Peer 1: 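My questions will all concern the structure given below.
Excluded from the calculations below are hydrogen atoms, water molecules and symmetry mates; all remaining heavy atoms, backbone and side chain alike, are included. Because the structure is predicted, anything quoted here is derived from the model rather than measured. Lettering of chains follows the sequences in order, A, B, ..., and the numbering in each one begins at 1.
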Amino acid sequence: MILALALAMCRLSGSILLAWPARAYVFVWRGTPLLVQLFLIYYGLGQFPAVRHSLLWPFLREPYWCAVLALALNTAAYGSEIIRGGLLSVGSGQIEAARACGMSRLLTFRRIVLPLAVRQALPAYGNEFISMVKATSLASIITLMEITGVAAKLISETYRVTEVFVVAGALYLLLNVVLTRILAAIELWLNPTIVRPIDSPVTEEALA
Amino acid sequence: MDRPDLIDLISFGPDGWGYFLLSGTAVTVLIAVSGYAIGAAIGVIGAWAKVSGGRTARIVAEVYTTTLRGIPDLLVIYLIYFGGSALISAVARLMGAQGFVGVPGFLAGALAVGITSGAQQTEVLRGGFLAVSKGELEAATAYGMPGMLKLRRIIVPLTLRHSLPGLGNVWQVVLKESALVSVTGAVELMRQTQIAAGSTRLPFDFYLIAAMIYLLISCASGLVFGRSEARLSRGTRRA
């Protein structure tokens, strides 16, 4: 997510030197299947003796860290596009107003642009979170025993396809439902202006 | 240095894997296209059910899209593959055959991709239809167009115009999803790459090549979608 923010800012910095690598990164990571990326990291990196002898090898040997790395790099590409959209949606008038108030560029970004962009981008980022949850199922292919991995093992041991499948599916659904609830709560919290007019009978009485 | 370089690996010679990769690519495209077509059929029915179906049809469609969009694709592929195999084995046992009969990986894969992408296409098409303004439909009725003509001349082109960008997204997702079908043993690009990587012990090179091929396909199809989008949007004004 931090990488995503950095990438989005590179894209928008206006500098060709920063924007092009970021654009290429996003293009490549969004254009290839996550499974290929996962295999490239898990199986592919071990091909080089330099990697195998480096300090990072204890991490890159573990399927868990490979999965985390692949998911992080992948979601950074998608996330940077979402954040870019959010940053672009901030009205130029609001930025000009901040500048007119004498805010420095950094202060404008911190106080005005970023909060507004986050508010805009949150629903789309929620989608990204949910697809992340679903993408974790791929980790089972590189021998990590998470829900899908356990489910596939149980299916091949017991041949009880339907029961295992229903339980695994229900677990994912539950995870995603909880996630959407949390995101909806954050969204309400970030948009106090939207909530207030709806459930405030006091002001209505005051107006009448 | 005995390490063959990249060009040798993908060449069509006796030591090259070019032919295998090419056939794998063909199967990948085939799985993606047939999965997408199945999904389109489901999507049309689903969108119709959601927009103008009765109570039961609406509930069924709602449950379908919520479930299929909420669980991972890999799980669906496993279900179709193992579940289908169990079903066929049971049927085979009734007819006197013994043992385990598997569903062909290709069929299971295309079906699974179709069912998951069907849920997404349902939502995209529903959104596209809802974006058609009511006045245009009323105008068609006012001209005395019968239902089928209205569907063919007004609803379909306009819905397609609104939903084509979304359908393009679904296609890209389907293409990448087809890589998951390799777990069923269908010999598509991913599976071929695994085989090649295993027997040459050069996994990095081969997965990189596979990534390039996927990138190439998604680029090419992106161009096609861009062009048809332009064609379907003739006569619209861009602000």
Peer 1: CG of B:Leu216 to OG1 of A:Thr32: how many Å apart, nearest 0.5 Å?
Peer 2: 12.5 Å
Peer 1: For A:Gly31 and B:Ser218, work out which heavy atoms get closest and say how close.
Peer 2: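 Where A:Gly31 meets B:Ser218 most closely, the heavy atoms are O-OG, 3.7 Å.
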Peer 1: Quick check: do B:Leu215 and A:Phe27 have side-chain heavy atoms less than 4.5 Å from each other?
Peer 2: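 Side-chain contact under 4.5 Å: yes.
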Peer 1: Could you state the interatomic distance from CG (B:Leu180) to OG (A:Ser137), rounded to the nearest 0.5 Å?
Peer 2: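 Separation between the atoms: 7.0 Å.
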Peer 1: Output the distance between atom NZ (B:Lys176) and atom CD (A:Gln37), rounded to the nearest 0.5 Å.
Peer 2: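 Reported value, rounded in 0.5 Å steps: 8.0 Å.
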Peer 1: I need the minimum non-hydrogen distance between A:Tyr172 and B:Gly70, along with the two atoms involved.
Peer 2: CB-O, 4.0 Å
Peer 1: Chain A heavy atoms under 4.5 Å from B:Ser182: which part of the residue, side chain, backbone, both or neither?
Peer 2: side chain
Peer 1: How far apart are the C-alpha atoms of A:Leu35 and B:Met190, what are their side-chain angles, what is the distance that settles it, and do they pass the side-chain contact (heavy atoms from CB on, under 4.5 Å) test?
Peer 2: CA-CA 9 Å; A:Leu35 191 62; B:Met190 199 62 206; 3.9 Å; yes
Peer 1: Select one option (side chain, backbone, both, neither) describing which atoms of A:Val133 are under 4.5 Å from chain B's heavy atoms.
Peer 2: neither
Peer 1: Test side-chain contact (heavy atoms from CB on, under 4.5 Å) on A:Tyr43 and B:Gln194 and set out the steps.
Peer 2: CA-CA 10 Å; A:Tyr43 295 116; B:Gln194 281 172 334; 5.7 Å; no
Peer 1: List the atom of A:Ala168, the atom of B:Leu75, and the distance in Å for their closest heavy-atom pair.
Peer 2: CB-CD2, 3.8 Å
Peer 1: Closest heavy-atom contact between B:Arg69 and A:Lys134?
Peer 2: O-NZ, 2.8 Å
Peer 1: Which distance, rounded to the nearest 0.5 Å, do you find between the CZ of B:Phe206 and the CG of A:Leu40?
Peer 2: 13.0 Å
Peer 1: Could you pull out the closest heavy-atom pair between B:Tyr207 and A:Val36, with the gap in Å?
Peer 2: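 Answer, listing the atom of B:Tyr207 first, then A:Val36: O-CG1, 3.4 Å.
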